[in-house]
Protein chains: 2
Amino acid sequence: MASPAMPPVPTLVEIIAAKRDGAPGNPADVARLVAALMSGELADYQMAAWLMAVFFRGLSDPETVAMTEAMLRSGRVLDLSRVRGLKVDKHSTGGVGDKVSVTLAPLVAACGVPVPMVCGRGLGHTGGTVDKLEAIPGFRAQLDAAEFAAIVERVGCCMIGQTAEIAPADKRIYALRDVTATVESIPLIVASILSKKLAEGIDALVLDVKVGRGAFMKEVSAARTLAKALVRVGSRAGKKVVALLTDMEAPLGVAVGNAIETAEALDVLAGGGPPDLVACTLALGAEMLVLGGKAGGVGAARALLAQAIASGRAARVAEQMIEAQGGDPRVVADRRRLAVAEEELVIEAARDGYVDRVDALAIGLAAVAMGAGRSRADQPVDHGVGIYVEKKPGDAVRASEPLARLRVRSGAAALPIAERVREAFAIADTAPPLRPLVLDRIDDRSSTAAPGSG
Amino acid sequence: MASPAMPPVPTLVEIIAAKRDGAPGNPADVARLVAALMSGELADYQMAAWLMAVFFRGLSDPETVAMTEAMLRSGRVLDLSRVRGLKVDKHSTGGVGDKVSVTLAPLVAACGVPVPMVCGRGLGHTGGTVDKLEAIPGFRAQLDAAEFAAIVERVGCCMIGQTAEIAPADKRIYALRDVTATVESIPLIVASILSKKLAEGIDALVLDVKVGRGAFMKEVSAARTLAKALVRVGSRAGKKVVALLTDMEAPLGVAVGNAIETAEALDVLAGGGPPDLVACTLALGAEMLVLGGKAGGVGAARALLAQAIASGRAARVAEQMIEAQGGDPRVVADRRRLAVAEEELVIEAARDGYVDRVDALAIGLAAVAMGAGRSRADQPVDHGVGIYVEKKPGDAVRASEPLARLRVRSGAAALPIAERVREAFAIADTAPPLRPLVLDRIDDRSSTAAPGSG
């Protein structure tokens with residue numbers, strides 16, 4: 001006789017079934033799944049089924065915290081204990097022309113708040129800070145953890161690319177989500193963002209949740225739901241978190257590309273730059289200074305930021321950081337050292353009127369088509385090409401005035417792309433109502449009443 | 001400049017996303033996914049995500065037909081064109097003590113309806129016809145397609161196990177569902193059952209949808225939904241399909257095991273057998289004769305079945321089939337040739353009363369624990385062990401009368417199992433209301449108003 005055997009009780013399958021059936025979530029189960037995926041006990045296809053169940057059933061905040069922390073613990077948490085002060089980072093959900101980080105890290109560091117920043121690369125229509133920084137001759141974004149910590153300690157900020165050591169479970173799960181139609185889930189987005197950011201060893205985080213045509217979130221309501229979930233879950237994970245919802249209907253600033261965006265970000269450090277870019281940078285920077293304990297409120301914080309720019313201290317921190325990371329620090333004072341493609345194609349207005357719309361998604365996709373971005377993660381980028389968006393929504397324009405200038409390697413080859421850029425502009429007889437740049441602000445007091453955030 | 005490149009449009013991912021979002025289903029998309037899984041274009045984790053999305057969103061009947069046919073086409077469709085007449089099979093959703101097929105195939109074949117039957121093996125608490133047949137000395141259930149067709153043509157019936165050639169996509173998808181908590185989906189169950197059955201080259205199918213403690217479907221309403229979906233989708237796929245809902249609160253018949261179940265099934269062929277087993281066999285057999293065009297109605301069909309038993313023709317077909325498949329045909333006349341374990345443990349009633357309940361699930365699990373079944377697909381079974389359920393619901397019983405007898409290899413080792421069998425019986429002071437054996441009948445006229453089968 002065989003020994004008494006009950007049917008197998010496959011506990012990991014039961015965890016998937018419980019989520020599928022909307023049972024009250026158990027944070028320990030979520031942590032168990034993530035660990036089992038990394039150990040090989042749970043197969044990719046089981047994680048994929050669970051991710052789809054989460055798409056339908058959501059995760060509670062405690063479950064999302066557990067997932068965040070399990071992904072965080074799957075890799076290395078950077079040790080910044082030797083860096084004094086509250087360490088604060090900023091994360092953007094991604095947009096077109098969003099070069100804010102390049103300005104912000106040295107600017108905030110110049111005000112005394114250490115900024116350990118792990119940045120992304122561009123994918124699809126949204127650009128990546130690492131690509132922009134790598135337009136600086138010699139700049140090295142792939143540093144090891146010890147070098148990173150040493151530069152944050154010495155300079156006040158350091159900006160590196162994602163490493164294999166940071167949250168490998170997030171990398172693995174994100175790759176699965178990308179090919180299983182499970183990207184668009186608020187708790188999964190929250191856990192992915194926070195796991196990477198919390199691995200930096202930060203104390204506080206300012207989130208820039210982009211909203212509009214060029215953003216992942218097209219609608220304010222969805223962006224607000226995401227922002228509230230990020231703040232709630234980040235706070236539960238023990239961090240101070242504030243989120244701003246900012247407009248991404250049109251590209252941010254004028255430049256869309258790599259070298260030309262870095263030049264524009266350095267313009268802001270030098271006291272110049274397009275008004276919308278300056279406004280976005282100062283709004284986010286002020287929140288960082290308040291969270292970092294350097295100002296009692298955003299008004300005082302803005303004054304500190306303005307002084308750091310006017311005094312040249314912010315520019316000096318940028319020079320120090322670039323030099324520490326192997327780059328040519330002279331680009332900070334002389335932005336023409338950033339190599340830009342020689343040929344120029346000018347897109348002219350067909351008629352008089354007002355710019356009604358500049359489609360950020362179309363501009364972002366045109367930049368990818370030019371080679372400034374990538375449609376697959378393994379593609380190289382051309383740092384020198386890009387698009388100057390000369391006219392922004394609300395601007396008056398006269399027939400044959402330039403709407404945009406493309407910096408390209410070959411004008412002939414770029415003609416179809418120029419046509420797409422032209423179509424991104426809509427001209428109307430009257431000026432459109434101006435959208436505010438900052439659409440909302442969410443902190444831990446305003447993050448609790450989140451509809452549909454499970 | 002890079003050549004113009006748009007972000008990739010991953011069409012298989014879009015199919016997953018469309019199902020996730022509840023978009024109107026496209027049958028061609030479903031067929032594409034199944035083919036892509038088998039070609040390697042679609043990964044297991046992508047299929048798992050789609051299966052979970054189907055759990056939530058369902059499949060339309062045309063999508064379910066497409067999935068059925070795609071899984072069917074992934075393998076070999078048996079060619080029975082040389083076999084004259086309408087070929088009819090029966091499929092049960094699985095129960096405890098369900099040995100109906102062993103009687104039914106030769107009985108229906110004896111009435112002139114060819115029965116090409118591909119049967120399953122036991123898993124978990126439900127038994128499998130192949131295991132029961134293999135209790136016959138020498139019986140070979142693994143025949144190739146040509147042998148199978150030749151025996152159906154010559155004898156009128158043949159009973160074999162699942163082969164790797166039949167619906168391999170179903171095998172692969174079922175294995176995924178089993179470990180991703182996506183088994184419990186009506187359209188996926190329907191497509192799985194029908195793909196295997198339609199691969200037999202049949203013209204019509206009678207389904208025995210079991211309902212109750214010992215069945216996959218515990219509730220009549222869920223079983224009816226499944227039965228209607230099976231009939232609707234089978235009809236759309238061009239087959240004549242009828243489903244009976246039959247009771248599976250208590251085990252069917254007396255014997256639960258392999259050799260003892262085969263002996264009991266052969267008792268029915270000889271004109272004996274427990275009344276509930278006889279009733280179930282005749283009800284299903286009558287539907288098969290009507291679908292096979294041998295009787296105008298179930299009344300006439302029952303008379304034909306009774307004649308085939310009384311005349312000994314059914315038993316002779318059984319002998320011929322067993323002999324053709326390498327087995328000892330003498331078992332049909334002399335059931336003691338089926339080897340049964342020698343030791344017996346008797347479970348006695350503790351008190352006078354009426355049997356209120358015999359828990360089919362508990363009996364089935366006890367049989368697995370004895371070695372008569374398997375908890376994993378790769379386990380062997382002991383054909384000689386089993387449980388005789390001597391008292392059935394509604395039977396009067398006196399204290400110390402046998403409720404059940406266990407045939408075991410070692411009485412001492414079986415004592416804990418005997419205890420579980422004892423607990424499967426509930427004795428009450430009054431007789432319970434009798435459940436009808438056949439709870440409902442669904443044909444293509446009664447299958448249309450299926451709630452929740454979208």
Side-chain angles (χ1 to χ4, degrees), chain A residues 1-8 10 12-21 43-53 55-57 123-125 176-184 341 343 365-366 368-372 374-376 379-382 385 408-410 413-414 416-417 420, chain B residues 1-8 10 12-21 43-53 55-57 123-125 176-184 341 365-366 368-376 379-382 385 408-410 413-414 416-417 420:
Chain A
M1 180 183 301
S3 64
M6 292 293 290
L12 294 170
V13 178
E14 287 177 346
I15 293 174
I16 301 169
K19 178 51 66 187
R20 177 197 74 187
D21 295 339
D44 281 344
Y45 44 80
Q46 294 177 301
M47 180 53 84
W50 183 79
L51 291 167
M52 185 59 86
F55 179 89
F56 284 95
R57 296 293 192 179
L123 187 62
H125 71 279
L176 263 179
R177 288 168 58 204
D178 195 35
V179 293
T180 56
T182 50
V183 167
E184 297 89 346
E343 278 203 53
L365 292 174
V368 172
M370 292 164 74
R374 50 176 81 78
S375 52
R376 289 191 322 270
Q379 286 175 326
V381 301
D382 182 342
V385 298
V408 299
R409 300 295 176 193
S410 153
I417 296 167
R420 287 161 61 182
Chain B
M1 181 184 303
S3 63
M6 293 291 289
L12 293 171
V13 177
E14 288 176 345
I15 293 174
I16 301 170
K19 178 50 68 187
R20 178 198 73 186
D21 295 339
D44 281 345
Y45 44 80
Q46 294 176 301
M47 180 53 85
W50 183 80
L51 292 167
M52 186 59 87
F55 179 90
F56 284 95
R57 297 293 193 180
L123 187 62
H125 71 279
L176 264 179
R177 289 168 58 204
D178 196 34
V179 293
T180 56
T182 50
V183 167
E184 296 89 346
L365 292 175
V368 172
M370 292 165 74
R374 50 176 80 76
S375 52
R376 289 192 322 270
Q379 286 176 325
V381 300
D382 181 341
V385 299
V408 298
R409 299 294 175 194
S410 153
I417 297 167
R420 287 161 61 183

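Convention: sequence-line order gives letters A, B, ...; per-chain numbering from 1.
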Looking at [atom1] of [X] and [atom2] of [Y], how far apart are the two atoms once the value is rounded to the nearest 0.5 Å?
X: A:Gln46; Y: B:Leu176; atom1: CD; atom2: CG; answer: 9.0 Å
X: A:Asp44; Y: B:Asp44; atom1: CG; atom2: CG; answer: 9.5 Å
X: B:Met52; Y: A:Phe55; atom1: CE; atom2: CZ; answer: 13.5 Å

* Region of A:Leu51 that comes under 4.5 Å of a non-hydrogen atom in chain B ->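 No part of it gets close to chain B.
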Residue pair [X] / [Y]: nearest heavy atoms and the distance that separates them:
X: A:Ala53; Y: B:Phe56; value: CA-CE1, 4.0 Å
X: B:Val13; Y: A:Asp178; value: CG1-O, 4.1 Å
X: B:Ala48; Y: A:Ala48; value: CB-CB, 4.4 Å
X: A:Ile16; Y: B:Thr180; value: CG2-O, 3.6 Å

